[in-house]
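Residue numbers begin at 1 in each chain, while the letters A, B, ... track the order of the sequences.
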There are 2 protein chains.
Amino acid sequence: MARPRNFDEEDVLRKAMALFWSKGYESTSLADLLQTTGLSKSSLYETFGSKRELFLRAFQLYKKDRMDGLTAGLSQPDAYLALTNAFKTVLDGKGNQMGCMTANEAIELAPHDPKLQEMVESDFYNIEEVFRQTIERGKENGSLRAGLDSRKMARFLTVSLQGINVMIRAQAKREVLEDFISVALEKLNERE
Amino acid sequence: MARPRNFDEEDVLRKAMALFWSKGYESTSLADLLQTTGLSKSSLYETFGSKRELFLRAFQLYKKDRMDGLTAGLSQPDAYLALTNAFKTVLDGKGNQMGCMTANEAIELAPHDPKLQEMVESDFYNIEEVFRQTIERGKENGSLRAGLDSRKMARFLTVSLQGINVMIRAQAKREVLEDFISVALEKLNERE
DNA sequence: ACCATTATGGACCGAATGGTCCGTAATTAT
DNA sequence: ATAATTACGGACCATTCGGTCCATAATGGT
């Protein structure tokens, strides 16, 4: 009954996400967003309300995408293989020198923005949970030693992941990350 | 032979450092800097040249301060105690929910600013080195198991530290960090 | 064909950005 | 006391920032 949009909302969100992920919130200007998405200013504001709201939706989409990917990557029965693979995937991630958007926002916005602090915190908790469930499963099906403290180990892996994300974004040498991962993952199969 | 400054350059640098550390580079405005340091705009530009140069000097000062502190903290003969103490100090650090300025800049600036990428990289390397030397010392005086791979373990600790820094800045619950540290530091005294 | 409705381009806005410049104040050496 | 030198306050600047608004274009329903 009216003129249709000539853009796909999710498509725009993903383009905005890529920008915010790469440059951060403050350093991404409206001009950047308009250029990358191809939208006009009025369309962007009509559709998303403000730069901040657009960012929030883009970040939510990131969190969802990433959790889906992580969950999928951890789905194989052998929990040890699942977890080691997940970490090694981070290293080889296709075009990724951008690190993790959640880690980025943990540093840029969380300290001074309660809403984002909450979003970041919940994402970290979700990661912890999916790690924990994977470890539980591993203990049940024998792919991980039964004596592991699931929650503790899940937290260890969660924080480890953030360390990796920082180093990736700083373009650290691959060997550094390989050494880190190699040591960190020993915690999964060592005997007590 | 001329009018003297009525401010101390290092004092100003430290105030600027605190601001950049807390808010990041982009989100710290000139107005913030002038207000916090008490300088006039002309004095600031006369003395430091530009916002960026001021930032660079503040960041250099941060790196120096932090390395001095870390080195001092690791100076005790017992390397295991030295390292565990260093990590636990990070948790209890006085007013620190700001994380580590180097980690912050690794995320905010390093990916798009070669000069900063280099500064961050060298800081990480320096941290790795001081960890490595501490571990070497521990192996020599028997406070650490001789079988440890010093470089590998130093890298493990360096990246671990960055994970902690992200979590601190995101105001993660203390238990999460305690769990992480407890697991990570087991790597230092486990038998093979 | 035309009306109701929505999308869009672009003009416009005030505020804030980093930065320059200059007249004046303060100081020391002579 | 004065000349030389440096520091400083604040006016000024162009640009960019996020955001608003409106006139016009495009579409679907009837």
Side-chain angles (χ1 to χ4, degrees), chain A residues 1-60 101 104-105 108-109 112-116 119, chain B residues 1-60 104-105 108-109 112-116:
Chain A
M1 200 184 184
R3 180 177 173 179
R5 289 184 173 153
N6 65 358
F7 62 89
D8 177 58
E9 199 165 308
E10 184 169 323
D11 193 54
V12 167
L13 276 177
R14 263 182 235 283
K15 284 173 178 163
M17 178 187 89
L19 259 185
F20 284 128
W21 187 357
S22 169
K23 308 181 51 168
Y25 179 74
E26 287 295 342
S27 293
T28 299
S29 71
L30 234 12
D32 291 332
L33 289 163
L34 299 181
Q35 185 180 355
T36 299
T37 62
L39 291 201
S40 72
K41 202 175 268 201
S42 48
S43 295
L44 191 148
Y45 273 85
E46 172 69 24
T47 310
F48 300 104
S50 69
K51 181 189 175 187
R52 168 165 241 259
E53 289 172 278
L54 171 59
F55 171 80
L56 290 177
R57 291 198 50 192
F59 186 31
Q60 267 152 3
M101 188 172 175
N104 299 352
E105 301 317 329
E108 186 190 3
L109 300 178
H112 303 291
D113 188 328
K115 168 89 178 172
L116 264 118
M119 289 177 76
Chain B
M1 201 185 183
R3 180 176 173 180
R5 290 186 171 151
N6 64 359
F7 63 87
D8 177 59
E9 198 165 308
E10 183 169 324
D11 194 55
V12 168
L13 276 177
R14 262 181 235 285
K15 284 173 177 164
M17 177 186 90
L19 259 185
F20 285 128
W21 187 357
S22 168
K23 308 181 50 169
Y25 179 73
E26 287 295 341
S27 293
T28 299
S29 70
L30 232 15
D32 291 333
L33 289 163
L34 299 181
Q35 186 180 355
T36 299
T37 62
L39 290 201
S40 73
K41 201 176 268 202
S42 47
S43 296
L44 191 148
Y45 273 84
E46 172 68 23
T47 310
F48 301 102
S50 67
K51 182 188 173 186
R52 167 165 242 259
E53 289 173 278
L54 171 59
F55 171 80
L56 290 177
R57 292 198 48 191
F59 186 31
Q60 267 152 4
N104 299 353
E105 302 317 330
E108 186 190 2
L109 300 178
H112 303 290
D113 188 328
K115 167 89 178 170
L116 264 118

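The separation between A:Leu33 atom CG and D:dC17 atom C1' is 12 Å, rounded to whole Å. The interatomic distance linking A:Glu53 (CD) with D:dG18 (C1') rounds to 13 Å, in whole Å. At whole-Å resolution of the value, CG in A:Asn6 and P in D:dT27 are 9 Å apart.
Side chain of A:Asn104 to backbone of A:Trp21: a donor-acceptor contact under 3.5 angstrom is found. Formation of a donor-acceptor pair under 3.5 Å by the B:Glu108 side chain with backbone atoms of B:Glu26 is found in this model. No side-chain donor-acceptor contact under 3.5 Å links A:Glu9 to the backbone of A:Thr47.
A salt bridge is absent between A:Glu46 and A:Arg5; no separation between the charged side-chain nitrogens and carboxylate oxygens falls under 4.0 Å.
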*Residue pair A:Met119, A:Leu56: steps toward the side-chain contact (heavy atoms from CB on, under 4.5 Å) verdict*: CA-CA 9 Å; A:Met119 289 177 76; A:Leu56 290 177; 3.7 Å; yes
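Near-neighbour residues of DNA chain C inside residues 8-30 of chain A, defined by a heavy atom below 4.0 Å, are absent. Residues of residues 34-52 of chain A that place a heavy atom closer than 4.0 Å to DNA chain C, in numerical order, are A:Ser40, A:Ser42, A:Ser43, A:Glu46.
In this structure the side chain of B:Thr28 never reaches within 4.5 angstrom of the side chain of B:Phe55, judged on heavy atoms.
A:Tyr25 carries A:Lys51 over the face of its six-membered ring, with the cationic atom under 6.0 Å from the centre and within 45° of the normal.
A distance of 12.0 Å separates OH of B:Tyr45 from OG of B:Ser40, quoted to the nearest 0.5 Å.
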